[in-house]
Amino acid sequence: MPVSKIGRHRSFRAVLAALPFALATFGAAHAINPDLRLPDYNHASWTTRDGAPAEVKVMAQTPDGWLWLGTSTGLFRFDGVRFERYEFPIRGEVAKRRIANMRAHGNGDLWISYSVGGVSVLHKDGRIDDIVPLDSPIGPIMTFAIVDDGSAWIATANGLYHYAHQQLRKIGPEQGLPQDTARGVLIDQYGQLWSLFADGVYLRDQASGKFRLVLAQHNQGSLIQSPDGRIWIADAEQVYPVAVDKTQPAGARTTLPRPARFNSAESRYLAQFDRDGNLWTRSCPEGLCIVARAGERQGGAYFPSREASDKRSPQLTLSSPSANAVLEDQEGNVWIATQGGLDRFRENRLVPVRLPPVSGHFSMAGDTEGGVWLSDMVNQMTWRLSAGGEPQRSSTFYQAMTNDRDGALLMVRTRDIERRFHGQVTYIPLPPARDGKVMDLDVAGLQDDGKVLWTTSQQTGLMGYIDGRWQPRSAFSLPPRIFIAGAGRKPGVRWQATGDATVVLNDNGKLTTYDAKDIGLATMVAVNDDVLIDGDLGLAIFNGHGFRKIKAARPEDLTNISGMAVSADGDRWFNGGHGVVHVRRDDWRAAVANPDVALQYELLGALDGYIGQAMLETRLPSVYMGRDGQIWFLTSAGVVRLSPGQIRRNAIAPVPQVMQLDAGGTSYAAVQGQRLPPGAQNFSIQFTAPGLGKPEAMRFQYQLSGINEEWQEAGSRRTAYYTNVAPGSYTFRVRAINEDGVPGVNDAVLEFTIEPRFVQTIWFKALCAIAAAALLYLLYQYRMRVATRRVADQLTVRMAERERIARTLHDTFLQSVQALILRLDIVSHSLPEEARQKLMPILDQANDTIVEGRDQVYELRTGRVDDVETAIEEAGQFLQQEHPATAFGSAMAGPRRKLQDTVAEEACEIAREALRNAFQHANARHVEARVIYEKDVFKLQISDDGVGIAADAAGKQKHYGLVGMRERAARAGGTLELVANPGGGLRVTLTVPARAAYLDTPRRGLDRFRFTQR
């Protein structure tokens, strides 16, 4: 590098480190469609190192998207990511591994021929039918033409054959064809059949079934079709069309294009027209070349080796120099089958500009005539660019350039600014250096805000050109530490981002400061319909009060943006750190209107032709939109351009498929009803959706019924993993969305079952339940025995105590009372008759008391009452004898049932207490006792017509009779109720549920347990 150039390079870098720069303006545009060259395509290559098969001879794409590869070692298929060897269902015929030709039918069938002869049809459900046996005398098959009804025309080394209704018939001289080799056969868009022989091209008459020679010419080629539907013949040296008047049938009103699946159904071994009419051929010395727009030629032969618009260069490395076949798939990708593997050429959305090695320090602007100018500020080179042509280097180096408010092109030389406007060229002298001397300046940036033309250089610093004079920075009201700036909508208005995380609105010298800490170091200030600022932390929009950050699913995609353009349709195109960010108009409006809405966008990155990252170091705008609508993006590695209106979207809906299940190191076929072995609780499911253009951008969603009812986002991952899944039947679903958001029409569904281990079966669970029930029953029985033993012990103690009390009463108390009565009886005989008569009733009552005491002793010893009704009757009659003024009656209702001992005992005691209260305290005229045996309850009622009882009697401390009755009722498992009779008196009712009262009523376990505890 010359010394002067080195010095200027260093000076330029010094200016970049300290001075602010401008943002270019943008205009409306219309898209154009440039011709592409081989280096402009996205090229990918697969060899055996990538899992691809070697020696790929033929290709075909079935409607589900699979690319099938026929090789000398077998059949393979490719989904864009993985290669898979396809094993035929019937093994043993090793000759079928050498595949000669293939054609995909619209119904999903794949027709296959072999190098040793024979034809098979592989159906989409996996069945395979042999149409022609391997040892058939028809010889090697050249190609097929499949009719919608399932019949086929087969070109072979022995002539043309027709297959229909499972019969194979040769077409010979009686139909107008020669007997020699049929080199090709083709059905066009009108349903006409074309056949190629060594002496020319034959066309079949659809009415008579006869063939006629339409082009007599010796050839060794094949039949192909251009997009307009014309028939062409391609051989090793030339390509020439069949006359138009012979390709369209008589009576046809319109000219139809070729069939939609013509290119993808089978590969051509010599050449093929792509959808744009470009001819891809291997008939050139380099093995691959393109003849641009060859399909538009209306007549005459041409030679690709001489007329190719682009050829494979040494820098373009294929998987092998030896190409075998060409195919264009449904998405428009061109595939080359080679001896070493497979190559793909895909149209990039971003086209690189072919420049010599560049520095990545650019300045760009456009003139009023539609030209685009680019300056490499370090290498001191300037070019004039066009969308379809080569860059034209200018003889003059311009250091920086921009457009002013009028659209004029301003380009800076060393001592002046050249202004070009509608063919008129004027000059503005640059300011002198700080010492006042005129000298060459190193200008790093230029910007026009409609009032002041700003420039900066190392020698002068920041200067403003206004009213025909250059003014220094001190003459203007400016904030300190300006890092980057952009012109506002009105003249004299600038938005200036500073180095201290603020943004200053400079409105003709009036400064308003806004906080911008959330943006970080500013990389762009863009003013269009909105005021935007971007930095290394994200993108923000001015809402009238301050800057609000824009949300995104991947915030890093909105960082380090250094330029923006707005296309004619309102879409926004940002140049960022990860590529071009495209935001549709409606998505932008939605994000601006609602701060909580994440910005929806698409990222055009390396897979779309983007190189490097957005240019940052110059602090100049890195996006320019020309008058023709082309958008140019300046990156750290070069320049790429985009035609927004020419972007081709992939409208092919992907077809998701479940491939296999993997569990415990074993793979299982993805067939409906597949049964995984016991213990397969950890497994994975592999799925795919063939996408040959950008398979890396294919997105998947899946769900497994019973495990994740919500759809799970898998991104580009093609495997779902599951752990600890219980045995049972499951349904797995997967859906696919291609790179342009087109979803598959149907979900792929797989139903499978995980077999349980024995310990997971219903039988094992039933056995466990039975064992648990048996254990509970044994525990219950054990608990009942313990409780019974405990109750028995308590009853034994109680009976012993009762017997002791009974002995004491009988042997001591009653004997003593009896002795007193005898002594009183003896004494009574010595008393006067009158006193004796008064004493006798007392002695009788004492005898009755003894009798009653003996009855109590009996009850204490026996511990039970067998007849409640009798006991109550006797108690009532005894009390009536003492109270002859009170009548007594008893009754029983319902069939008599045996009562529990405790219930009978407590009922009798309650009855005695209630009767005593009625006879002694109620002053009743009539007392009645009723024993009621009902189905659900046992009841005892004592009623009288006396004075009743006070409302608070039961709550007084010394009314132990009522308290005792309630306690006895509780011990019996029932309730006691005292209710005033309507006619006066009181009714006492004991109510005991049947399960607690009757011996013949079965109890629940808990009730029995509770009863035994009482």
Exercise. Around Gln672, counting heavy atoms of other residues, nucleotides and ligands shown, do more than 12 lie under 6.0 Å from its CD?
Worked result: yes
For this session: Give me the one residue out of Arg268, Arg258, Arg344 that meets salt bridge (Lys or Arg N to Asp or Glu O under 4.0 Å) with Glu328.
Result: Arg258
Exercise. Would Gln701 and Ile737 count as a side-chain contact (heavy atoms from CB on, under 4.5 Å) if you check the C-alpha gap in whole Å, the side-chain angles of each, and the deciding distance to 0.1 Å?
Worked result: CA-CA 9 Å; Gln701 299 173 336; Ile737 303 96; 4.3 Å; yes
For this session: State whether a side-chain donor-acceptor pair under 3.5 Å links Thr338 with Ser320.
Result: no
Exercise. Asn263 side chain to Gln272 main-chain N or O, any donor-acceptor pair under 3.5 Å?
Worked result: no
Problem set entry | From Gln686 atom CD to Leu661 atom CG, the distance as rounded to the nearest 0.5 Å | 9.0 Å
Exercise. Got Asp534 and Phe574 here, is their nearest side-chain heavy-atom distance under 4.5 Å?
Worked result: no
For this session: For the pair Asp529 and Arg585, find out whether any cationic side-chain nitrogen is under 4.0 Å from an anionic carboxylate oxygen.
Result: no
Seminar exercise, completed: Which of Asp343, Val56, Leu67 passes side chain to side chain contact (heavy atoms under 4.5 Å, CB included) with Trp335? Answer is Leu67
Can I get a per-line list of side-chain donor-acceptor pairs under 3.5 Å for residues 103-112, giving both atom names and the distance, sequence neighbours left out?
{"from": "Arg103", "atom 1": "NH1", "to": "Glu266", "atom 2": "OE2", "distance (Å)": "2.6"}
{"from": "Asn107", "atom 1": "OD1", "to": "Asp109", "atom 2": "N", "distance (Å)": "3.0"}
{"from": "Asn107", "atom 1": "ND2", "to": "Asp109", "atom 2": "OD2", "distance (Å)": "3.1"}
{"from": "Asp109", "atom 1": "OD1", "to": "His123", "atom 2": "ND1", "distance (Å)": "3.0"}
{"from": "Asp109", "atom 1": "OD2", "to": "His123", "atom 2": "ND1", "distance (Å)": "3.4"}

Exercise. For Leu607, which of Arg346, Arg349, Glu739 qualifies under side chain to side chain contact (heavy atoms under 4.5 Å, CB included)?
Worked result: Arg346
Exercise. Between Arg77 and Trp66, is there a donor-acceptor pair closer than 3.5 Å when you use the side chain of the first and the backbone of the second?
Worked result: no
Which atom pairs, donor and acceptor, lie under 3.5 Å between side-chain atoms of residues 563-570 and protein residues at least two apart or in another chain?
{"from": "Ser567", "atom 1": "OG", "to": "Asp569", "atom 2": "OD1", "distance (Å)": "2.5"}
{"from": "Ser567", "atom 1": "OG", "to": "Asp571", "atom 2": "O", "distance (Å)": "3.3"}
{"from": "Ser567", "atom 1": "OG", "to": "Trp573", "atom 2": "NE1", "distance (Å)": "3.1"}
{"from": "Asp569", "atom 1": "OD1", "to": "Asp571", "atom 2": "N", "distance (Å)": "3.1"}

Exercise. Between the main-chain N or O of Ile290 and the side-chain N or O of Ser309, is there a donor-acceptor pair closer than 3.5 Å?
Worked result: yes
Exercise. Should the pair Asp40-Arg354 be classified as a salt bridge under the 4.0 Å nitrogen-to-oxygen rule?
Worked result: yes
Problem set entry | Any donor-acceptor pair under 3.5 Å from Gln61 side chain to Gln330 backbone | yes
Exercise. What's the verdict on side-chain contact (heavy atoms from CB on, under 4.5 Å) for Leu539 and Met524, showing C-alpha distance, side-chain angles and the deciding distance?
Worked result: CA-CA 9 Å; Leu539 176 67; Met524 177 192 74; 4.2 Å; yes
Exercise. Ignoring hydrogens and geometry, is there a side-chain-to-backbone donor-acceptor pair from Asn738 to Asp740 under 3.5 Å?
Worked result: yes
For this session: Please tell me if the side chains of Arg648 and Arg275 come closer than 4.5 Å, counting only heavy atoms from C-beta onward.
Result: yes
Exercise. Taking side chain as C-beta onward, heavy atoms only, is Leu374 less than 4.5 Å from Leu634?
Worked result: yes
Exercise. Of all heavy-atom pairs between Arg717 and Ala720, which one has the smallest distance, and what is that distance?
Worked result: NH1-CA, 4.0 Å
For this session: Taking all non-hydrogen atoms of both residues into account, name the closest pair between Tyr86 and Gly126 and its distance.
Result: OH-CA, 3.8 Å
Problem set entry | Pair Asp536-Thr559, side-chain donor/acceptor within less than 3.5 Å | no
Problem set entry | Shortest non-hydrogen contact between Val742 and Ala653, atoms and distance | CG1-CA, 3.9 Å
Exercise. Looking at Lys694 and Glu696, does any basic side-chain N land under 4.0 Å from a carboxylate oxygen?
Worked result: no
Problem set entry | Salt bridge Glu602-Arg649, side-chain N to carboxylate O under 4.0 Å | yes
Exercise. With no hydrogens and no angle check, is any side-chain donor or acceptor of Arg735 less than 3.5 Å from a backbone partner on Gly744?
Worked result: no
For this session: Output the distance between atom CG (Leu350) and atom CZ (Arg641), rounded to the nearest 0.5 Å.
Result: 10.0 Å
For this session: For the pair Glu713 (side chain) and Trp711 (backbone), establish whether a donor and an acceptor sit closer than 3.5 Å, ignoring hydrogens and angles.
Result: no
For this session: Indicate whether the side chain of Ser264 and that of Asp329 have a donor and an acceptor atom separated by less than 3.5 Å.
Result: no
Exercise. Heavy atoms, side chains only, cut-off 4.5 Å: are Trp588 and Leu599 in contact?
Worked result: yes
For this session: Determine whether His582 and Leu642 make a side-chain contact, defined as any pair of heavy atoms from C-beta on separated by less than 4.5 Å.
Result: no
Exercise. Quick one: does Asn575's side chain have a donor or acceptor within less than 3.5 Å of a partner on Phe633's backbone?
Worked result: no
Exercise. Going by heavy atoms in the side chains, are Phe687 and Pro656 under 4.5 Å from each other?
Worked result: no
Problem set entry | Trace of the ring pair (Phe, Tyr, Trp, His ring centres under 6.0 Å) decision for Tyr41 with Trp280 | CA-CA 13 Å; Tyr41 286 88; Trp280 296 71; 5.3 Å; yes
For this session: Give a yes or no on this: more than 12 heavy atoms of other residues, nucleotides or ligands lie within 6.0 Å of atom CG of Asn594.
Result: yes
Problem set entry | From CG (Leu75) to CH2 (Trp68), nearest 0.5 Å | 5.5 Å
Problem set entry | Flag, side chain of Thr523 to backbone of Ile561, donor-acceptor distance under 3.5 Å | yes
Problem set entry | side-chain contact (heavy atoms from CB on, under 4.5 Å) between Arg572 and Asp530, worked out | CA-CA 11 Å; Arg572 280 160 172 75; Asp530 307 298; 3.5 Å; yes
Problem set entry | Heavy-atom side-chain proximity of Arg85 to Thr73 below 4.5 angstrom | yes
For this session: Return yes if some donor-acceptor pair links the side-chain N/O of Asn333 with the main-chain N/O of Phe345 below 3.5 Å, else return no.
Result: no
For this session: Answer yes or no: is there a side-chain heavy-atom contact under 4.5 Å between Arg82 and Thr688?
Result: yes
Exercise. Should the pair Phe683 and Phe752 be assigned to parallel (<30°), tilted (30 to 60°) or perpendicular (>60°) ring geometry?
Worked result: perpendicular
Exercise. Does NZ or CZ of Arg718 lie under 6.0 Å from the centre of the six-membered ring of Tyr702, at an angle within 45° of the ring axis?
Worked result: no
Exercise. Checking side-chain contact (heavy atoms from CB on, under 4.5 Å) for the pair Val640/Asn348: CA distance, chi angles, key distance, verdict?
Worked result: CA-CA 10 Å; Val640 294; Asn348 275 321; over 6 Å; no
